2 protein chains.
Amino acid sequence: MAVVAPKQRLMDAAAELFSSIGYAETSLRHIASNVGIKAGSVYYHFESKDEIYTDVLLAGMDLMIDGFQAVETDSNSTSMRETLAEHVVGHLKVLHANLAYTSLHVTTFRTAPAAVRRQLVPRRDEYEAMWTALLRAALPNTPVSEISILRLALFGAMNSSIDWFDAGRGSLEEFAEVITDAFWAGATERQQRVAQ
Amino acid sequence: MAVVAPKQRLMDAAAELFSSIGYAETSLRHIASNVGIKAGSVYYHFESKDEIYTDVLLAGMDLMIDGFQAVETDSNSTSMRETLAEHVVGHLKVLHANLAYTSLHVTTFRTAPAAVRRQLVPRRDEYEAMWTALLRAALPNTPVSEISILRLALFGAMNSSIDWFDAGRGSLEEFAEVITDAFWAGATERQQRVAQ
DNA sequence: GTCTATAGTTCGATAGAC
DNA sequence: GTCTATCGAACTATAGAC
């Protein structure tokens, strides 16, 4: 029975603290103490605080990308409406199953050090491109500029749930349904209006 | 010709820095230097860094509340769909016209010191209640639990624009239209489904 | 692989001169 | 109302013992 790697345990502790009190407010002493070692020892595993941050953010985005691809693979949906719905559920499930890692992209990425941000941008672009392609396929008659807006608004709606979703008081599936209905009905209605 | 009050100038500088680099990363020395004074002098105007933060957040939320009420007063819309659209535009306009103040509620409020958060909660609740009442009036046949989800998703979609909206490449009105269509069409479609 | 000890910085806040 | 000077605390990161 393998023990969890120290590097992984440090990343878990760091992710938890980053997302609960913020990056700047989280000290290496605090991270280290949460895994039972001293601050100086952290430097055996990581070169800097920024490296921990970068690794955590990369891991978070990889989870989202893997989640998207898993939906593609498992899906046997017939309609685009259904495919979209599955991806919305998938996004929300991966997001909330790994909140400490994934929520940082919503909450703190914006003020991350430039060097950290630079290393993350390609991976984030990759995920965004997957969604753009999905929406273009689902709404072939919607102008590209509007697809952009739709994707950003959809991300905003889904990701805001990190602040308010409480697993004890509702299901992710219910939220996914409401959101999918909104964006699907709104976009198809607009398409019909333009077609007239 | 009255000069801008020093307190106001400090708040402007602080809000700008808080929103661009984050609260913890912003030093009093930096704020002070941006208005041409020294860090020690800030304490003549404010009791602490937290007090500046609280005042900025309160001012930001007051702007949103005033904006909502201004829409109510000016509105001569006939349909609920139109009233909702006006409020979406209003929210987005006030949000983006005062980004340094208002965006902090989206970006940093979550990790604000407990004492700061406590002083803000009533004011934020007030604004949220206005929107809940609006949505309940607009969608009288939608269950209350779903109104909650709709409001949170709508806020998420609207507020995410602080990260991506570029006044040079699109209009707030266009975004407001897309969003209003989405939430209106989705919610009304769901109502009809339930009614059947 | 973890420890102690500490260098070197920066921070919020205070005191007192002007 | 702003200044200088500084206190005490906290931080990242390094060096070297074990």
Side-chain angles (χ1 to χ4, degrees), chain A residues 1-58 104 108-109 111-119, chain B residues 1-58 104 108-109 111-119:
Chain A
M1 174 120 68
V3 184
V4 177
K7 219 171 155 164
Q8 185 63 54
R9 298 183 59 219
L10 280 166
M11 283 172 64
D12 287 350
E16 205 63 60
L17 287 167
F18 291 161
S19 59
S20 63
I21 61 175
Y23 174 72
E25 296 88 341
T26 299
S27 68
L28 290 173
R29 284 168 177 77
H30 200 166
I31 297 172
S33 112
N34 278 17
V35 305
I37 65 175
K38 298 293 180 183
S41 309
V42 171
Y43 287 86
Y44 178 81
H45 303 281
F46 295 93
E47 287 198 343
S48 66
K49 189 184 173 187
D50 274 6
E51 194 189 71
I52 307 180
Y53 196 20
T54 305
D55 286 359
V56 166
L57 284 166
L58 279 172
L104 295 177
T108 74
F109 181 76
T111 51
V116 173
R117 257 203 323 278
R118 207 174 310 117
Q119 293 178 71
Chain B
M1 177 114 72
V3 183
V4 177
K7 221 172 153 159
Q8 185 63 53
R9 296 184 61 219
L10 280 166
M11 283 172 64
D12 287 350
E16 205 64 59
L17 287 167
F18 291 162
S19 60
S20 62
I21 62 176
Y23 174 71
E25 296 88 342
T26 299
S27 68
L28 290 173
R29 285 167 178 79
H30 199 166
I31 297 172
S33 113
N34 278 17
V35 305
I37 64 175
K38 298 293 180 183
S41 310
V42 171
Y43 287 87
Y44 178 81
H45 303 282
F46 295 92
E47 286 197 344
S48 68
K49 189 183 173 187
D50 274 7
E51 194 190 71
I52 306 180
Y53 196 20
T54 305
D55 285 358
V56 166
L57 284 166
L58 280 172
L104 296 176
T108 73
F109 181 76
T111 51
V116 173
R117 254 200 329 276
R118 207 174 309 116
Q119 293 177 73

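For clarity, every value in this text was computed on a predicted model and none was experimentally measured. Below, chains carry the letters A, B, ... as their sequence lines are ordered, and counting in each starts from 1.
A distance of 11.0 Å separates CD in A:Glu47 from OG1 in A:Thr54, rounded to the nearest 0.5 Å. To the nearest 0.5 angstrom, A:Gln119 atom CD is 8.5 Å from A:Glu51 atom CD.
Between B:Tyr53 and B:Phe18, the ring-plane angle classifies as perpendicular under the 30° and 60° cut-offs.
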Reading nucleotides 6-13 of chain D from 5' to 3' and marking B where a protein heavy atom lies under 4.0 Å of the base, S where only the sugar-phosphate is that close, and - otherwise, the string is B----BBB

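When side chains are defined from C-beta on, B:Ile52 does not count as touching B:Tyr23, because their heavy atoms never get closer than 4.5 Å. Looking only at side-chain heavy atoms (C-beta outward), B:Ile37 and B:Leu10 come within less than 4.5 Å of each other.
Nearest approach of A:Ala14 to A:Ile31, heavy atoms of both residues: CB-CD1, 3.8 Å. Between A:Lys49 and A:Thr26, the shortest heavy-atom distance links the atoms NZ-O, 2.8 Å.
Of the possible polar contacts, one joining the B:Arg117 side chain to the B:Ala112 backbone as a donor-acceptor pair under 3.5 Å is found.
When DNA chain C is scanned in the 5' to 3' direction for atoms under 4.0 Å from non-hydrogen atoms of chain B, the outermost contacting nucleotides are C:dC11 to C:dT14.
Checked options A:Leu104, A:Leu57, A:Val116; the residue passing with A:Phe109 is A:Leu57 (criterion: side chain to side chain contact (heavy atoms under 4.5 Å, CB included)). Remark: of the listed residues B:Glu16, B:Arg9, B:Gln8, B:Gln8 is the sole one forming a side chain to side chain contact (heavy atoms under 4.5 Å, CB included) with B:Asp12.
Near DNA chain C, meaning a heavy atom under 4.0 Å from it, residues 10-18 of chain B has no residue at all.
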